[in-house]
**Q** 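Could you have a look at this structure, given as structure tokens, before my questions?
Numbering of residues begins at 1 and proceeds along the displayed sequence.
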Amino acid sequence: MTAAVGQSGNATAVAVNVGVILDLNRRTDVAQVGLSCVEMAVSEFYDAHPNYTTRIVIATRDSGGDVVQAAASALDLINNVQVQAILGPETSMQANFLIPLGEKAQIPVISFSASSPTLASIRSPYFFRATQKDSTQVNAIAAIVKAFSWRQVVPIYVDNAYGEGIVPSLVDSLDAVDARVPYRSAISASATDDQIGQELYKLMTMQTRVFVVHMAPNLGARLFAKAKEVEMMSPGYVWIVTDGITGFLNSIDSSVLESMQGVLGVKPHVPRTKEVLEFRSRWKRKFQRDHPEILDADLNSYGLWAYDATVALATAIEKAGQATNFTFLNNSSSSNADLDRIRASSSGPNLALELSRAKFAGLSGEFAMEPDGQLKGSAYEVVNVNGNGGRVVGYWTRGGGLARELANESTAGRSASRESLMRTVIWPGDAAAVPKGFQMPTSGKKLRIGVPVKDGFSEFVSVTTDPETNKTSVTGYCIDIFEAVVQTLPYALPFEYVPFANATGDSAGTYNDLVYQVFLGNFDAVVGDTTVIANRSNYVDFTLPYTESGVSMVVPVRPDGSKNAWLFLKPLTWDLWMTTFLFFLFIGFVVWVLEHRISKDFRGPPSHQAGTSLWFSFSTMVFAHRENVVSNLARTVVIIWCFVVLILTQSYTASFTSLLTVQRLQPTVTDINELLRKGEFVGYQDGSFVVGLLKRIGFRDDRLVPYDNSDHCDTLFGQGRIAAAFDEIPYIKLFLAKHCSKYMMTDPSYKTDGFGFVFPKGSVLVPDISRAVLNVTEGDKMTKIEEAWFGKNSRCPESSTSVSPGGQLGLNSFWSLFLIAGVAAVSALIIFAATFVYQHRQILLQQQEGEDNSQSKPSFWRRIMRLLRTFDKKDLKCHTFRDDNRVGNNEVNLVSLNVMSPSAYSVQTEFPVDSSTAAAATPPPIDSSTELHYNDNVEAQGVEISIDLHQNFSGAGQIDDGYDNDEITRH
């Protein structure tokens, strides 16, 4: 319904009816403060905009705190008053009823206090939330939990749509910071003090000491009063309240605040601008004038949202009024029911569109609607209740996390120190120390610790029952470790052992079954020889392991049968033997090449030269070589090779000595593939997870034989029923300590994480127990426990408890030495070859006369052969051959040759020589290009001296060394 009204100088302004539905008779802070702010907003808005053509006319209705009455009020406003919009209702439950009505009538419903996240799921285009929904503040709460490293949180909420709406978002946010919710406490809005006390007593019996309270202020006040009465506001407790309570701290009675000392709370941040401070003064004067009986009223954030929502609605009505009339469409229904008489507003779609576009700087901060009709999130204040009110100790923003000041938003949340995130907090009981977040209950039940029941390996865990008293006793290595760990905790941890047994006293299942009982909640923890493995960690949490890890294989041993005639070959692998042998040959060849032309020891018949080279090379193995090495290159090669030989011989001697002097036992099996290939039977400890591992490796079920204890395993080996046994290393060591000379542990080893204690997922005890495990394992206590259960000499004295296939010296240990020797030898060959070719390059460049007296080069291969023949000759320039022209007292003097033309002949002289015979000898004529080769064999006193002179007479009195064409022998 619209009408022309006169206001602020505009007599033709159109009046637009707007309904307000609040709990007026209950006199709640939201209703009284909100209504006064709505009225001030209407008055001040049109005072600031006197020329606007529309005017809001407020029509208020009381919901009486009842959803049905709120719905009836809405129908009355729609059908009878024909309102174009509704401000309210106050609660989320009422809004849940009103939203469908507003959508049917196509009028916007704007609530400034209904904060339940479930309202967003309705997805109505005509519902607008002008307040922060509860799901935004849970992120701030989760940030606080993370900052103080609390692992468990219990939410306490009112049992209605408002309280339940926050729980899913809260659980998800806590899960994101690795905190879990072990229990949810729902309290009825009509609960008595006794019922509240019973719920608090139940919480006291639990470990968790961190509580998040989400309820209305009146119910919250009763809760904290009762909590103080049962001493739950003492040191060690943590209480965090949501905006539903924090937003009204200034109006809560002082006696209630006294019971809330040390509580943390979160609430939306409202900038303390000049406009807000001035509005607060105006509002206080108006409120006291309208409600003189209320003296301690205080403006809260809901009042500011009500003001901003009214301004946004007035602005949207003005904009929508320019394009449409504020009328309702006719309803063709003939029914008299209120629901059937609802007519649709013709201006509703445009008005909803303008509201979704609203954006301005309001008193509560930036006012802007998201596409789904929700108010955009803002920063949150973290408040610590101290004294007569709340003290801001930090801020939380969506992008920056926690921060001491909003100015530090860019760096907020990035520091690991909580002192840099928040100011000092005074905790319940005026405690300054940060609560741990959990405490073992003193009045509740003890922890039920499940222990395995087994027949063998009782050194780890043993469960016995006294037949007379029927009292169960639990002992063992694992039990002592756990009790030592508990003693190091900074708090008492009451517990009792519960054997995992059936009615007959036998084991109730495997270790996996025992661990699963913790997941089911039948046990609070498991203590025993329980291995930390991946699939178990999907259901429970493990502490740090307190034993070494791994699964290995145990096999029988036999005397080392390698002590035979060929034992001397065992220290080195075959590839090292072959490499060494080839290098002996190679080094001998290199030395022969380098010494052949200059050393008399490396000359002679081919067989003699080959034997000398091999003898020289292999004699270096015992450093018995006597041949004279002349070349510096050869000396370098020999020095390096002798060093390599020295290393090899010393290593061989050490390894061979060990084989001869050390008593060794060899495993009967060293390869698991051999067991699989032969289809051998293998053993495993009954109830262990190892059976699953063996199946994954490839062993068939019919090849797996379980054993109960170490004696049973020894019996299976003795009867030949198993060829190997697989078990965890702690069990294997205990088994070998009893049967040291008969078995040994061998590869392969499969990695596991050892024995650990089992707790439920997310248990707050796991970090403390893990730290205590480290303290025990690193101290003397661990050694004393091991000696008490396993003795001081638990290791095998006769032989090593572990053996790996092989142990010979291989090429991989010496390849660098061979590389150095090889590089040195090859380098020496290259240097020698290059020098030799350069000195005799004329052989490769020489010309040969053809039959037609034309000059042509000899073939390449003939030149190569001549070069090799030159290599085979002595190097007469070497100092070792300079005096070889003289033998004993006889001398062949070739200083001067009295010839008229170039000639070549060979002279062979035997002493004594008849002078007449010598004189009668006449050399045959030769041409100028013929080679003169003197080959003087002087045999005197049983010694043959051979002198080779290579001379080319190219002219009278000229001699050119190195040319050898024809050889003429003269006797």
Side-chain angles (χ1 to χ4, degrees), residues 1-2 16-22 38 54 56-59 61 63 67 70-133 161 305-306 308-321 323-331 338-359 367-376:
M1 179 181 296
T2 61
V16 179
N17 294 327
V18 172
V20 177
I21 301 177
L22 296 171
V38 169
T54 58
I56 287 179
V57 177
I58 301 297
R61 293 292 185 273
S63 65
V67 295
S73 300
L75 287 173
D76 176 58
L77 291 171
I78 295 172
N79 292 331
N80 301 324
V81 184
Q82 296 185 355
V83 295
Q84 298 296 324
I86 294 178
L87 287 169
E90 184 174 336
T91 67
S92 299
M93 291 182 294
Q94 295 172 5
N96 199 34
F97 277 83
L98 263 64
I99 291 173
L101 298 178
E103 187 170 5
K104 185 176 179 65
Q106 294 186 0
I107 63 173
V109 176
I110 310 168
S111 176
F112 51 84
S113 58
S115 57
S116 175
T118 58
L119 297 178
S121 61
I122 300 178
R123 301 184 183 279
S124 172
Y126 292 95
F127 174 66
F128 296 90
R129 195 202 309 263
T131 184
Q132 297 293 334
K133 58 183 177 181
W305 284 322
D308 290 342
T310 305
V311 171
L313 178 60
T315 304
I317 288 175
E318 178 67 22
K319 292 181 179 180
T324 184
N325 293 324
F326 296 98
T327 60
F328 283 83
L329 302 177
N330 293 326
N331 190 343
D338 289 340
L339 289 176
D340 294 333
R341 290 192 304 112
I342 293 178
R343 293 187 297 168
S345 172
S346 60
S347 61
N350 289 334
L351 185 56
L353 178 63
E354 294 298 335
L355 279 172
S356 64
R357 295 175 177 175
K359 186 176 182 180
F367 188 95
M369 289 292 176
E370 295 179 348
D372 59 352
Q374 310 297 315
L375 186 66
K376 285 189 176 180

**Q** Measuring from Asn79:CG to Arg343:CZ, what's the distance to the nearest 0.5 Å?
**A** 8.5 Å
**Q** Which donor-acceptor pairs under 3.5 Å do side chains of residues 102-114 form with protein atoms, sequence neighbours excluded?
**A**
| from | atom 1 | to | atom 2 | distance (Å) |
| --- | --- | --- | --- | --- |
| Glu103 | OE1 | Ser124 | OG | 3.4 |
| Ser111 | OG | Pro89 | O | 3.0 |
| Ser111 | OG | Ser113 | N | 3.4 |
| Ser111 | OG | Ala114 | N | 3.0 |
| Ser113 | OG | Glu90 | O | 2.6 |

**Q** Among Thr310, Leu22, Val18, Ile56, which one satisfies side chain to side chain contact (heavy atoms under 4.5 Å, CB included) with Val38?
**A** Thr310
**Q** Say you draw a straight line from CZ of Phe328 to CD1 of Ile342; how long is it, rounded to the nearest 0.5 Å?
**A** 10.0 Å
**Q** Atom CG of Asn96 and atom CZ of Phe127: how far apart are they, to the nearest 0.5 Å?
**A** 9.5 Å
**Q** Nearest 0.5 Å, what's the NZ-OG distance between Lys133 and Ser92?
**A** 12.5 Å
**Q** With side chains defined as the heavy atoms from C-beta onward, is the minimum distance between Thr54 and Phe326 less than 4.5 Å?
**A** yes
**Q** Please report the interatomic distance CG(Leu98) to CG(Leu75), rounded to the nearest 0.5 Å.
**A** 8.5 Å
**Q** Is the backbone of Lys376 close enough, under 3.5 Å, to the side chain of Gln132 for a donor and an acceptor to pair up by distance?
**A** yes
**Q** Between Leu353 and Arg357, does the side chain to side chain contact (heavy atoms under 4.5 Å, CB included) criterion hold? Intermediate values first, please.
**A** CA-CA 7 Å; Leu353 178 63; Arg357 295 175 177 175; 3.5 Å; yes
**Q** I'd like to check the side-chain contact (heavy atoms from CB on, under 4.5 Å) partners of Thr91; sequence neighbours left out, ordered by chain and number.
**A** Asp23, Met93, Gln94
**Q** Any side-chain heavy atom of Trp305 within less than 4.5 Å of one from Leu375?
**A** yes
**Q** With rounding to the nearest 0.5 angstrom, report the CG to CD1 distance, Leu101 to Ile86.
**A** 7.5 Å
